[in-house]
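Worksheet for the structure shown next.
Lettering follows sequence order; numbering is per chain, from 1.
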There are 2 protein chains.
Amino acid sequence: MMTRARKGDRPPTIIDVAREASVGVMTVSRVLNHHPSVKASTRAKVMSAIARVGYVQNDAARMLKGRRSRTIALIVPDLTDFFASCFHAVQEVAMRHDYQTMVVATGRSAALESQQLEAIANHQVAGLILVPSGEDTPRLQHLLDRDIPVVALDRPLAGLNIDAVLVDNREGAETGVRHLIDHGHTRIACVGFEGSSYTARERFEGYKQAMRSAGLRPLVFNQVNTLADMEALIQRWAHAKERPTAVFSVKRLASIRLVQALHRQKLRVPQDIAVVGFDDFELAEELGTPLTVVAQSATEIARAAAEQLFQQITSAPHAEQPARQAVKMIFPTHLIVRRSCGCAGEEAGAVS
Amino acid sequence: MMTRARKGDRPPTIIDVAREASVGVMTVSRVLNHHPSVKASTRAKVMSAIARVGYVQNDAARMLKGRRSRTIALIVPDLTDFFASCFHAVQEVAMRHDYQTMVVATGRSAALESQQLEAIANHQVAGLILVPSGEDTPRLQHLLDRDIPVVALDRPLAGLNIDAVLVDNREGAETGVRHLIDHGHTRIACVGFEGSSYTARERFEGYKQAMRSAGLRPLVFNQVNTLADMEALIQRWAHAKERPTAVFSVKRLASIRLVQALHRQKLRVPQDIAVVGFDDFELAEELGTPLTVVAQSATEIARAAAEQLFQQITSAPHAEQPARQAVKMIFPTHLIVRRSCGCAGEEAGAVS
DNA sequence: TGGCGCAAGTATAACGTTATTCTTTCACAA
DNA sequence: TTGTGAAAGAATAACGTTATACTTGCGCCA
């Protein structure tokens, strides 16, 4: 196998394969593109010739003819923790299909996202998995017009008929907060909501819903971005008449800052204040008091998104079925009860 | 600007630009490829036309003609923490040069690395930044033969004349261990060395060197991969006559496991045992006792690697200078003194 | 045996860019 | 005026693949 180097030292072309198999060039092309009108015996002859000369399709030439390259793109805000796991899952699926993965981190800049979308479109990628930061509908529409499959991950794309794979943020948050309520807490604060991010907003809604349906008043504290902010907030609570007995944090960074701040202010978790956070992280178990969290599986949703993308990619050739309805997949979260919520939980996994 | 859509709805080609600027096709091509024989006024005319019609070069066609695509590849073992930071730095540099970044995570599988190297080569990437897992010299040589610039990151490539950007692991480890020695420790254990990874090996050597030059006997414990292993090890120490008073951990995961294990065994840090780890991480400050670490800057080395790569890429056209000697850049580490080493680190924070 | 249809061959023209080889134009000095 | 050389146009041929429009062979049924 892989004899390589026929003439000169250029990689072998489809012509070399045709000669080797004693067939026409078009027959080889037909085999490569899975045309139905090729006899099995001929296909076998061609495949063996391909293996013998070590032929690989030239993506550049295919792209020039308007075909897609064997590359999918993944656009994420960054590659920390959650999205790094997403990437690994996506790449694993892509490799199984013999595709490359091109990653772009937009740094949460909508402008950069637009610009990169443009570059991606030019790149003739076979498909795109997008964690939307901004909402550049026209630019995305441009991709859709070109029939490039797109799947939204983690956040939906409003107004466009695009497949989406999401986490049930609202329900997850509700479960987390209800867990605190069930343990007798009535003054439960919510931190980390900035209004900017879809996921944070959803979780915030879940929090409010849980509070309201228990007849409790929501206590919302936003604009706590730095550790100093968080410490100041906690100090304010210390002098308040009715200070919160529990806190729900809507995102990982807020959870971390919260834990740090409580630690510095010498407040014990959960005795002085109970904590439940959204999103699990490495070391959540080792922080002074192991943290109870609402966990979501990056691997799970990313894999689902990738599978969905490849389903679109491989079914695309049919063409002209009249505008398929977009699929929405919503994955549940899991409450991981550790010690910060006050109950003696070791590792019980309750589902939403 | 970006008027788009000249004829049909295809993206504009070099021909459209030529027509718009009232010049010949070749003149446009010459402008795009920075040929010296173009008058400044003509260049300006062409550039303005390019902007007006919203032209972008078609990578596929350029690649077909043997030119490289505007994409660089980054091959890493995974995208957790350190390498995620590397990616961000690399991408930032790439974007400044108007290049895309293609990432491949090999999962530390040498076979996968080889396979992906092959795909990369076929992809006509403009350059490659590689964190080598295996040492697939023939496959790499294949890239080098094609004059594709390659820079090794974090680990060197033995036997090949390839630029490398590294961290001074040995010196860093030595500094960390010497810090413990300077504080009076004599029985300092070393954990986390598995023999497989270059960086761990180097740090291990640094540890040994520090111990030897202080006249101390190295205490090495490898094969402690899981938390259970680590706990067992610590229990063994508890019953030993001469138990270590300090531990040096050669890698992040080992540091974390170590801290967890000590915590579970109710050993106080640094009173019962002092700890210094190689590699900083988010939350190192919040773990029961803030951890003293030897820190390396992923951003710094990755940016340097990317800059070096683009220097190669942009200087390549000169051609045929007789085998440039490879550059090796070695970056220093920084000792971040917190509280786990026993001396009064700057950071305030209560012990668990 | 004539016609029908399927598998598969040939030939040719794209796709957008660059390289090559000629011309042409134009300014400027001899 | 004529020669010189630089700037730039025009024409054409690649690069490897695919699409189109044929043609050719072959077996099969009427």
Side-chain angles (χ1 to χ4, degrees), chain A residues 6-47 49-50 53-70 121-124 126 146 316-317 319, chain B residues 6-47 49-50 53-70 122-124 126 146 317 319:
Chain A
R6 276 235 156 286
K7 51 174 190 177
D9 62 336
R10 295 221 163 292
T13 76
I14 200 174
I15 300 176
D16 299 314
V17 176
R19 197 183 308 123
E20 177 76 21
S22 320
V23 299
V25 186
M26 271 317 293
T27 307
V28 179
S29 179
R30 284 196 265 259
V31 168
L32 290 170
N33 293 288
H34 306 103
H35 260 256
S37 68
V38 178
K39 256 193 308 187
S41 65
T42 313
R43 176 187 310 276
K45 210 165 49 167
V46 171
M47 294 306 276
I50 286 176
V53 303
Y55 168 77
V56 282
Q57 270 182 306
N58 182 324
D59 253 9
R62 310 189 72 230
M63 284 166 62
L64 191 53
K65 286 297 289 184
R67 296 305 195 86
R68 304 275 155 72
S69 71
R70 295 191 78 81
N122 183 244
H123 227 281
Q124 302 273 43
R146 294 231 247 148
Chain B
R6 275 234 156 284
K7 52 173 193 180
D9 62 334
R10 295 221 164 292
T13 75
I14 200 174
I15 299 176
D16 299 314
V17 176
R19 198 183 307 121
E20 176 76 21
S22 319
V23 299
V25 186
M26 271 318 294
T27 308
V28 179
S29 178
R30 284 197 264 259
V31 168
L32 290 169
N33 293 286
H34 304 104
H35 260 254
S37 66
V38 179
K39 256 194 306 188
S41 65
T42 313
R43 176 186 311 274
K45 209 165 51 168
V46 171
M47 294 304 275
I50 286 177
V53 303
Y55 168 78
V56 282
Q57 271 182 307
N58 182 325
D59 253 9
R62 310 190 72 230
M63 282 168 63
L64 191 52
K65 286 295 290 184
R67 296 303 194 86
R68 304 272 156 73
S69 72
R70 296 190 77 82
N122 184 244
H123 227 281
Q124 302 270 47
R146 294 231 247 149

Among A:I15, A:V38, A:V23, A:T13, find the residue that satisfies the side-chain contact (heavy atoms from CB on, under 4.5 Å) test when tested with A:V28. A:V23

Tell me the closest heavy-atom pair linking A:A49 and A:E20, and the distance in Å. CB-CG, 3.7 Å

With a 6.0 Å cut-off (strictly less than), is the heavy-atom count around CE of A:M26, excluding the residue itself, greater than 12? yes

Residues that B:K65 engages under side-chain contact (heavy atoms from CB on, under 4.5 Å), provided they are two or more places apart: none

What integer distance in Å separates A:D16:CG from D:dC15:C1'? 14 Å

Distances under 3.5 Å between protein N/O atoms and the N/O atoms of nucleotides 22-27 of chain C, please, pair by pair.
none

Just how far, in rounded Å, is P of D:dA7 from NZ of B:K45? 14 Å

Between D:dT17, C:dG16, C:dA19, which nucleotide has the shortest distance from any of its atoms to the side chain of A:I14? D:dT17

Tabulated below should be each protein N or O lying under 3.5 Å from an N or O of nucleotides 26-29 of chain D; please produce it.
none

What is the distance, rounded to the nearest whole Å, between atom CG of B:L64 and atom C1' of D:dA13? 13 Å

What is the nucleic acid contact for B:M63, judged by heavy atoms within less than 4.0 Å: base, sugar-phosphate only, or nothing? nothing

Whole Å only: how far is the CG atom of B:D59 from the C1' atom of D:dC15? 15 Å

All N/O pairs under 3.5 Å across the protein-nucleotides 4-6 of chain C interface:
none

Counting just side-chain N and O atoms, does B:R67 come under 4.0 Å of either OP1 or OP2 of D:dC15? no

Nearest heavy-atom pair of B:S69 and B:D59: which atoms, and what distance? CB-OD2, 3.6 Å

Would you kindly compare B:G24 and A:A60 by the position of their nearest DNA chain D nucleotide and give the one closer to the 5′ end? B:G24

I'd like to know whether B:R67 forms a side-chain contact (heavy atoms from CB on, under 4.5 Å) with B:Q124, so could you lay out the CA-CA distance, the side-chain angles of the two residues, the decisive distance to 0.1 Å, and finally the verdict. CA-CA 8 Å; B:R67 296 303 194 86; B:Q124 302 270 47; over 6 Å; no

Regarding C:dT18, can its base be found pairing with the side chain of B:K65 as donor and acceptor, where the two atoms are less than 3.5 Å apart? yes

Compare every heavy atom of B:R146 with every heavy atom of B:R68, then report the nearest pair and how far apart it is. NH2-O, 2.5 Å

Can you measure B:R68 atom CZ to C:dT17 atom C1' for me and round it to whole angstrom units? 16 Å

So, is B:R62 close to the C:dG16 phosphate, meaning a side-chain N or O under 4.0 Å from OP1 or OP2? no

For atom OH of B:Y55 and atom C1' of C:dT18, their distance in whole Å: 11 Å

Please determine, for the side chain of B:M26, which listed nucleotide (C:dA11, D:dG16, C:dT18) has the closest atom? C:dT18

I need the residues from residues 29-39 of chain A with at least one non-hydrogen atom less than 4.0 Å from DNA chain D; give them sorted by number, or say none. A:S29, A:N33

Restricting to non-hydrogen atoms, name the atom on A:Y55 and the atom on A:I14 that form the minimum distance, rounded to 0.1 Å. CE1-N, 3.5 Å

A:R30 versus A:S37, closest heavy-atom pair with distance: CD-OG, 4.2 Å

Minimal non-hydrogen separation, B:M63 against B:H123, with atom names: CE-O, 3.4 Å

Could you list the residues that satisfy side chain to side chain donor-acceptor pair (under 3.5 Å) with A:R62, not counting sequence neighbours? A:N33

